[in-house]
Amino acid sequence: MAKIEKSPDEWQKQLTPEQYRVAREKGTERPFTGDYQVRDAQGIYHCVCCNAPLFENEHKFDAGCGWPSFDRPLGSRCVEEHTDTTHGMQRTEVVCSHCDAHLGHVFPDGPPETTGLRYCINSVSLEFHPDE
């Protein structure tokens, strides 16, 4: 599948200023300020930029970190991971594989009874589709 590419102006027209800052400029929303902290409804979280399905609510858990956390993406090709050495840290950035939107980071401190991974995702980079 070809990457979705748009100019900064096109993304800015499509997204809110906060969505643009986080998803296109690799920002981070403040912890405990976004939507999707806890949601019991069945559904799929999609990329706010390109509507690609990314995470299933079934694999979401409360990590207490202030951002939605998942133990895995919806599929192996939904997201890509890149080394992120900004802010004097070495982390693994998670981006949408369809449009390169910044989603958040993945850490190896997730639930040991599942994958052991914690995909710590900015809620402003997601859009929830219930009952999918």
Side-chain angles (χ1 to χ4, degrees):
M1 178 180 227
K3 290 268 188 187
I4 295 170
E5 295 184 21
K6 295 183 180 184
S7 71
D9 284 343
E10 290 173 305
W11 286 123
Q12 285 178 326
K13 288 176 185 168
Q14 176 185 328
L15 303 169
T16 68
E18 179 71 352
Q19 289 170 333
Y20 183 83
R21 184 184 70 77
V22 172
R24 305 315 312 174
E25 296 181 328
K26 300 182 186 289
T28 301
E29 66 189 353
R30 289 185 13 244
F32 301 104
T33 62
D35 292 334
Y36 313 134
Q37 285 298 312
V38 177
R39 182 176 288 248
D40 294 328
Q42 180 180 346
I44 305 292
Y45 293 87
H46 290 248
C47 176
V48 73
C49 293
C50 71
N51 200 36
L54 300 172
F55 297 95
E56 189 171 12
N57 199 56
E58 177 182 333
H59 299 290
K60 188 170 179 286
F61 64 96
D62 184 3
C65 63
W67 294 276
S69 297
F70 304 86
D71 70 356
R72 69 193 80 173
L74 188 60
S76 61
R77 295 185 179 176
C78 294
V79 300
E80 294 176 2
E81 298 177 6
H82 305 285
T83 300
D84 176 2
T85 58
T86 60
H87 306 293
M89 298 180 270
Q90 183 162 347
R91 302 177 291 175
T92 302
E93 178 191 20
V94 179
V95 301
C96 174
S97 63
H98 297 92
C99 71
D100 290 331
H102 172 74
L103 303 173
H105 293 86
V106 61
F107 302 97
D109 61 358
E113 64 276 4
T114 61
T115 64
L117 298 174
R118 175 174 56 99
Y119 285 82
C120 184
I121 306 299
N122 291 288
S123 62
V124 74
S125 296
L126 300 173
E127 185 175 273
F128 185 67
H129 294 211
D131 299 321
E132 275 193 356

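What you see is a predicted model, and the numbers here were worked out from it, not measured in a lab.
No side-chain heavy atom of Leu54 sits under 4.5 Å from any side-chain heavy atom of Leu74. Residues Phe61 and Pro68 are not in side-chain contact: their nearest non-hydrogen atoms beyond the backbone lie 4.5 Å or more apart. A 4.5 Å side-chain heavy-atom check between Ser125 and Leu103 finds at least one atom pair inside the cut-off.
For the pair Pro111 and Leu117, the tightest heavy-atom approach, listed with the atom from each and the gap, is CD-O, 3.6 Å. Between Phe32 and Cys65, the shortest heavy-atom contact is CZ-C, 3.8 Å. Considering all non-hydrogen atoms of both residues, Cys50 and Ile4 come closest at CB-CD1, 3.4 Å. A pairwise comparison of heavy atoms in Lys6 and Gln14 identifies NZ-OE1, 2.6 Å as the closest pair. Summarising the geometry of Ala41 relative to Phe128, their closest heavy-atom pair is O-CZ, 3.6 Å, with the distance given to 0.1 Å. Between Lys60 and Tyr45 the shortest heavy-atom distance is CD-OH, 3.5 Å.
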Apply side chain to side chain contact (heavy atoms under 4.5 Å, CB included) to Leu15 and Cys49, showing your working. CA-CA 7 Å; Leu15 303 169; Cys49 293; 3.8 Å; yes
Between Lys3 and Glu80, is the salt bridge (charged side-chain N to carboxylate O under 4.0 Å, His left out) condition met? List the steps. CA-CA 12 Å; Lys3 290 268 188 187; Glu80 294 176 2; 3.0 Å; yes
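Using modelled atom types, no side-chain atom of Asn57 and backbone atom of Gln42 make a donor-acceptor pair closer than 3.5 Å. Asp62 places a side-chain N or O within 3.5 Å of a backbone atom of Gly64 that can act as its donor or acceptor partner.
In terms of the side chain to side chain contact (heavy atoms under 4.5 Å, CB included) criterion, residue partners of Asp9 (sequence neighbours excluded) are, by chain and number, Ser7, Gln12.
Ser123 and Glu29 share a side-chain donor-acceptor pair at under 3.5 Å. Between the side chains of His105 and Glu81, no donor-acceptor pair is found at a separation under 3.5 Å.
Between Thr83 atom OG1 and Gln90 atom CD the span is 6.0 Å, to the nearest 0.5 Å. Note that NE2 of His102 and SG of Cys96 are 12.5 Å apart. Values are rounded to the nearest 0.5 Å. Between the SG atom of Cys78 and the CD atom of Glu56 there is a distance of 10.5 Å, given to the nearest 0.5 Å. How far NE2 of His59 is from CZ of Arg72: 4.5 Å, rounded to the nearest 0.5 Å. Within the model, atoms CZ of Arg30 and OG1 of Thr28 stand 12.5 Å from one another, a figure rounded to the nearest 0.5 Å. The line from CG of Asn51 to NE2 of His129 is 4.5 Å long, rounded to the nearest 0.5 Å.
Ion pairing of Asp71 with Arg118 is absent here, as no side-chain N (NZ or NE/NH1/NH2) approaches a carboxylate O to less than 4.0 Å. By the 4.0 Å N-to-carboxylate-O rule, Glu10 lies too far from Arg24 to be salt-bridged with it.
Partner Leu126 forms a side chain to side chain contact (heavy atoms under 4.5 Å, CB included) with one of Ile44, Ile121, Asp35, Val48 and no other, that one being Ile121.
Residues Phe107 and Tyr119 place their aromatic rings such that the two centres sit no closer than 6.0 Å.
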